[in-house]
**Q** 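Quick one: the structure is below, and I'll ask about it shortly.
In what follows, chains carry the letters A, B, and so on, assigned in the order in which the sequence lines appear, proteins first and then strands, with residues in each chain numbered from 1.
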Amino acid sequence: MSDKNKGLSKAQEIYLNRSQRARELKAAGKKIIGYPCVYVPLEMLTALDLVPYRTCGAIKEPVTEADRALPSSFCPIMRNCLDCALKGKNDFLDGMATIHSCDPQEKTAHVWESYTNYPYFHFIDMPSTVRPEALEYFKSQLNDFRKTLEAFTGKKLSTDKLEAAIKSHNQQRTLVRELYELTKPSPPRISGTEIVQVVKALMSLPVVEGNDLLTEVISEAKNRTDGPEKESARLLIWGSILDDTDIMQVFEAKANVVMDESCGGIRAYRAEVKFTADPLEGLADYYLKEITCARTFRQATLGETRKDYARDLQSRFGYLKGIIKEWKINGAIMLLVRYCDPFAFEIPSLKDYFGGLGVPSTYIEYDYTTGALAPLRTRVEAFLETIS
Amino acid sequence: MVVEKGKKTINRLKSMYPLRAKVNETYLKSVEAIQAGKPAVWGMLNFYYGDPVLKAMDIEVVYPENYGAIAAATGVAQQYLERADADGFPSHLCGYSLTTLGYASRMMKELNGQIPPEAPFGGMPKPLFLMSSAAICDARYKWFQALGRYMDAPVWTLEAPTPGVKEFFIEGYYDSMVDLGVKHLRDFVAFVEGMVGKKMDWDKLDKTTNLMIEINRVWHEVNELRKAKPCPMHSRDFWSAMPAALFLAGDLEDSLRLYQNMYKEVKDRVNSHLGAIPEEKYRLVFAELPPWHSLGFFDKLAERGWNFVVESFGYRPPIPIDLSKVSDPLERITRFSLQFFAGYYEDARKQNVLGGAFAYPYLKYAREWKCDGALLHPLISCRSASTHLPYVADMLMEELKVPSLSIEGDIVDLRLFNPEDALAKAEPFEETMEHYRKIRKQAGFDW
Amino acid sequence: MTKVVLMDESNNLLSTIKGPTGPEHRQLANEVMRQALEQASLQINDISYIVATGYGRLNVPFADRQITELSCHARGVSSLFPNVRTAIDIGGQDAKCMKIANGRLTSFVMNDKCAAGTGRFLEVTAAALGIKLEDMGDISLQATKKIQISNLCTIFAQQEVVALLSRGEKLENILAGLHDALASRIAALARRLGIEPDLVLTGGVVKNTGMVRAMKESLGCEILVPEEPLLTGALGAAILAKEIYMKAAAGGEALPTKSRRLEKATFFSSEHR
């Protein structure tokens, strides 16, 4: 890793060669644990001096190996992820921590474990609701995760270490939110494309190094004179994951993407883990409740939905209201990956919600291949033309 | 054995007919009761978890997943699919969910809550509440949540833990699953009591639970008998007889008697070496959901000597478990429901088959029922019933040298299953099965 | 197809050209532009503002601005039919549905992934049946029986229609069935936006009388059709170009334009490296 690169150029460098730092650390004796989903509590890895590394798909990579294990009508992102793994691109990993966030994550995890041979592999189950007993179950799942991690590392996951890790990861969340403050002005001080690179970089580095990078980037963005051009359209992109600059650039060709509400953007950083007597409790609470992925079943009050449809929408999507207001968003794109069920079911309701707030929205589907970019471009441009 | 002209090749069990009829009768009785004003609930298949609670409270349950199949078979689904499409639901979603969403849209937006006149078999009434389940796939609870757009019926999502095979054996894991299940169910009972305005009859729940467990135990034994050569009972009988057990249809004492009769009949066939088809040349395992609307297809295969001896993990009774010492019915229900998946984990771990709960059972089935081949039926809009199939094919070949034939279809777009094409693939597959029989012999397998 | 519309500030059409497209978008753009200028007796420098639209819109080096075909169609259609609320364009490669209010695009939905929902479906099946695409419509109007084409996929539908023919089904009935199949897919697309009159149909498919019949049936409403169904996109682009230019001129704004050169295009041009 070159020393001369700092801030945004460093983020870009890492984005283009994601595994380099992890490989360096591995060569220096560290253990690297891959994770395919932001629901995995990274604090527990950090606390045991393991380096978390997000395993991602690669839009330019044609899927060839995954066919023997997963059918083609399946989340193209997870299929792509598995394909990369089967091609040996993740061979530097010492293990994987997987989780039952959605079906494709669950099914891919087991197939992944069957077809590879890492020294460590753990699957965390996660309940579908946020009820008290569900939370308790999830906490016991994290406790089991702790057990296998301890067995693997030969170290104890003490409360001190965990609290220190939570502090560092909370710090990262705070810094990412600070970074997003910089997209509030018009024009924003940093582009959606640049943020994709930064977040991807964060998911490729140990947390402390990621925090340093963020600090550099924030300072650079505040002081720069070469920021993004002002565009009249200020977009919110809502979806499962938007972590690729080619895709982001389609949106930013004629708009400012000021908020990426996906797990390639702000989703994993919106809130903080609370400190609790048993840290696992705070972690369980944060991860199950605060991550706004459509896979979690939330409703207004116990057992209420249409009784007050507006209230139900508010309980599911209300967090977007503040975002839309504060970031002066004038267009929302619901970006759906083909075969994604949890997000797909939300589309009409979310459209109702945006409509209620007076925000024009459109739903665009893509299939995570480079062939998807041209149709994506037409739809994005047409949408921008309708809101200009 | 001479096959008479006009007679179906598959020798159906006499005891199947009353079980199949029971489900139809129960359904029609339910429709009548609902029309007479009894509250109805829309439910998802929940693997013995929520159903006993509703049954003990004497609540009518309507299953949109089943109704989706009916709508598809009667040709009525198309207009509901179009409505769901027009309402903005992406087209890749589960066909049953789109059918129900379109149906709900029509019923509530166009007909003010009245059952659509074109809906077959009495349709589905506006429900008191919706009971969904997180088991099997995300669509099953997200879909009921999406229905909130059309109906003011509250939604309860039944939790369904899904452990990994290795992780299941971590100390304390199983207990935490039971803990979750019991607490959750207790809250569910309170919710239902609030919705219907009456208290749970715990005695009735106790009895219902016991009957449910015993029915499934007998039903499990019936299917164990199918390991015999020739196999006395065809998959068609399984699919016809299964709903009564899976959905706790009607009077459970009556069901228990019927399954006991079935056991006797199958046992008799085993003793007289009577097979379900005249000449059993090939023994097949089928995964996952059958083409409900084209079951005659299996008769054509039976003419070629294909006997389907084991099938559809998703519909099978749990491996029996002794719960006699568990006093709390909610705990018995929880443990029994968990047993549906967990019953296989010990074996799966021993065999080191990690590929998810749905995959391992097929290894067991193919081995213990001595299958020559697997017929796999991926369904384009039901991913949860299709995702494990490539893995199953791989696993069966690698571990047991059992080949698989894949024939596509869909749950609501019935045009996608082409019986002629499927039959055309049968002949060459017979050669494949013969070939692998030789390979298995060489490798020391005993079938 | 590559089309050009040249227009003056009073919306008079000075020339219209339709030329077949090939892989060399850039060369084609130059060629049809040349023809259009000739037809109008103009030089390239006489053109005040140029808007490019459609798939190849990024490959028109002398275009001042690119606007999607959706907005352009909406504009073009509403200039011809002022009360239009819904527009459907069925091309050889895609199908677009547009909602229009006050002459502007408000929402849209398109299919550019599956051939079975585009004009290509008819091209392929016509070829399979050995008849000319331009005859399909008229023959289909003689149908006496409803036939359902069950295959969702163009490739498999080819086989299906041949099988139907060999089973003795009448050609006109099969053709009607094909038109119905395509129409129902496009109608489903349109229903996502909500169908409101006036409804205008454009695209090459409009010249197919059988398709217009099938669309009327599937949509359940009256359909308006322009005289030149292939030019509404280019027409709309010209109108938008005029509007952009006039607005800038009225406000005294400088409007950036591309160099007015019709160079001999090569595959790699320095402007588009």
Side-chain angles (χ1 to χ4, degrees), chain A residues 67-71 73-74 98 100 102-104 106-107 109-111 113-114 121-125 127-129 131-134 136-137 140-141 143-145 147-148 294-295 297 299 302-309 312 316 336 338-342 344-349 351-352 363 365, chain B residues 87-90 92-94 97 129-130 134 137-139 141-143 145-157 159-167 170-173 176-177 179-180 183-184 187 191 194-195 353-356 359 378 380-381 383-384 386-391 394:
Chain A
D67 291 329
R68 62 186 285 221
L70 291 174
S73 53
F74 190 84
T98 58
H100 189 181
C102 61
D103 289 339
E106 189 246 329
K107 291 171 188 346
H110 301 310
V111 170
E113 188 175 9
S114 290
F121 206 109
H122 187 100
F123 174 75
I124 306 169
D125 192 21
S128 307
T129 71
R131 298 173 51 78
E133 68 276 8
E136 221 179 290
Y137 173 69
S140 77
Q141 282 296 293
N143 197 35
D144 285 350
F145 183 40
K147 288 179 194 164
T148 63
R295 58 81 60 198
F297 180 80
Q299 58 185 6
L302 182 64
E304 280 197 28
T305 54
R306 180 99 209 220
K307 261 198 176 48
D308 189 334
Y309 183 48
D312 186 56
R316 285 153 69 189
L336 190 71
R338 192 158 172 74
Y339 301 124
C340 178
D341 288 346
F345 278 106
E346 308 279 71
I347 305 280
S349 292
K351 200 157 173 68
D352 288 346
Y363 141 59
E365 194 182 283
Chain B
D87 275 2
F89 286 98
H92 69 259
L93 290 172
C94 157
S97 72
F129 64 89
L130 300 160
C137 76
D138 301 331
Y141 63 93
K142 294 301 291 185
W143 142 22
Q145 182 176 45
L147 281 170
R149 206 165 174 258
Y150 308 111
M151 307 194 290
D152 60 5
V155 179
W156 183 282
T157 297
E159 287 281 5
T162 319
V165 168
K166 276 186 6 264
E167 291 78 4
I170 295 173
E171 201 188 310
Y173 193 141
S176 72
M177 285 168 77
D179 218 30
L180 167 69
K183 287 200 177 101
H184 189 74
D187 282 353
F191 167 73
M195 291 306 299
V353 174
L354 305 167
I380 200 171
S381 80
R383 279 173 291 290
S384 57
S386 312
T387 314
H388 55 296
L389 297 178
Y391 187 91
D394 208 23

**Q** Can a donor-acceptor pair be found between the side chains of E159(B) and Y137(A) at a distance below 3.5 Å?
**A** no
**Q** Is chain B contacted by the side chain of T98(A), its backbone, both, or neither, given a heavy-atom distance below 4.5 Å?
**A** neither
**Q** Side chain from CB out, backbone as N, CA, C, O: work out which of these in S381(B) comes under 4.5 Å of a heavy atom of chain A, or both, or neither.
**A** neither
**Q** Heavy atoms only: give me the nearest F123(A)-G164(B) pair and the separation to one decimal.
**A** CD2-N, 3.5 Å
**Q** As an exercise, state the distance from CG of L180(B) to CD of E136(A), rounded to the nearest 0.5 Å.
**A** 8.5 Å
**Q** Among V111(A), I124(A), T129(A), which has the most heavy-atom pairs under 4.5 Å with chain B?
**A** T129(A)
**Q** Is R295(A) salt-bridged to D138(B), cutoff N-O under 4.0 Å?
**A** no
**Q** For the interface with chain A, which of L389(B), D187(B), I380(B) has the highest count of heavy-atom pairs at distances below 4.5 Å?
**A** D187(B)
**Q** Once rounded to the nearest 0.5 Å, what's the spacing between atom CZ of F121(A) and atom CD of E167(B)?
**A** 8.5 Å
**Q** With sequence neighbours left out, what residues match K142(B) under salt bridge (Lys or Arg N to Asp or Glu O under 4.0 Å)?
**A** E346(A)
**Q** Determine the option with the most heavy-atom pairs under 4.5 angstrom with chain B, choosing from A294(A), A109(A), P104(A), P132(A).
**A** A294(A)
**Q** With respect to chain B, which residue among H100(A), H122(A), K351(A) yields the maximal number of heavy-atom pairs within a distance under 4.5 Å?
**A** H122(A)
**Q** For T157(B), is it the side chain, the backbone, both, or neither that has a heavy atom closer than 4.5 Å to a heavy atom of chain A?
**A** both
**Q** Which one of T387(B), V165(B), D394(B) has the most heavy-atom pairs closer than 4.5 Å to chain A?
**A** T387(B)
**Q** Identify which part of Y363(A) has an atom lying under 4.5 Å from any heavy atom of chain B, answering side chain, backbone, both or neither.
**A** side chain
**Q** If we only count heavy atoms from C-beta on, is the F345(A) to P90(B) side-chain gap below 4.5 Å?
**A** no
**Q** Nearest 0.5 angstrom please: Q145(B) CD to S349(A) OG, how far?
**A** 7.5 Å
**Q** For the interface with chain A, which of M177(B), R383(B), K183(B) has the highest count of heavy-atom pairs at distances below 4.5 Å?
**A** R383(B)
**Q** If I measure from the heavy atoms of chain A, does D179(B) come under 4.5 Å with its side chain, its backbone, both, or neither?
**A** side chain
**Q** Is chain A contacted by the side chain of Y173(B), its backbone, both, or neither, given a heavy-atom distance below 4.5 Å?
**A** both
**Q** Counting only non-hydrogen atoms closer than 4.5 Å, does I170(B) touch chain A with its backbone (N, CA, C, O), its side chain (CB onward), both, or neither?
**A** side chain
**Q** Let's test your reading of the structure: which of A146(B), A134(B), S176(B) forms the most heavy-atom pairs below 4.5 Å with chain A?
**A** S176(B)
**Q** Tell me, do P348(A) and D87(B) make a side-chain contact under 4.5 Å, heavy atoms counted?
**A** no
**Q** Below 4.5 Å, heavy-atom pairs only: which of S97(B), G172(B), C137(B) has the largest tally toward chain A?
**A** C137(B)
**Q** Determine the option with the most heavy-atom pairs under 4.5 angstrom with chain B, choosing from L70(A), D352(A), L336(A), I347(A).
**A** D352(A)
**Q** What part of A69(A) gets within 4.5 angstrom of chain B, counting heavy atoms only: side chain, backbone, both, or neither?
**A** backbone
**Q** Could you tell me if T162(B) and E106(A) have a donor-acceptor pair between their side chains, going purely by distance under 3.5 Å?
**A** no
**Q** Mind ranking D103(A), N143(A), D144(A) by heavy-atom pairs under 4.5 Å with chain B and telling me who comes out on top?
**A** D103(A)
**Q** Is a side-chain donor or acceptor of H184(B) paired with a backbone partner of E133(A) at a separation under 3.5 angstrom?
**A** no
**Q** For K166(B) and E113(A): C-alpha separation, side-chain torsions, deciding distance, then whether salt bridge (Lys or Arg N to Asp or Glu O under 4.0 Å) applies.
**A** CA-CA 11 Å; K166(B) 276 186 6 264; E113(A) 188 175 9; 2.6 Å; yes
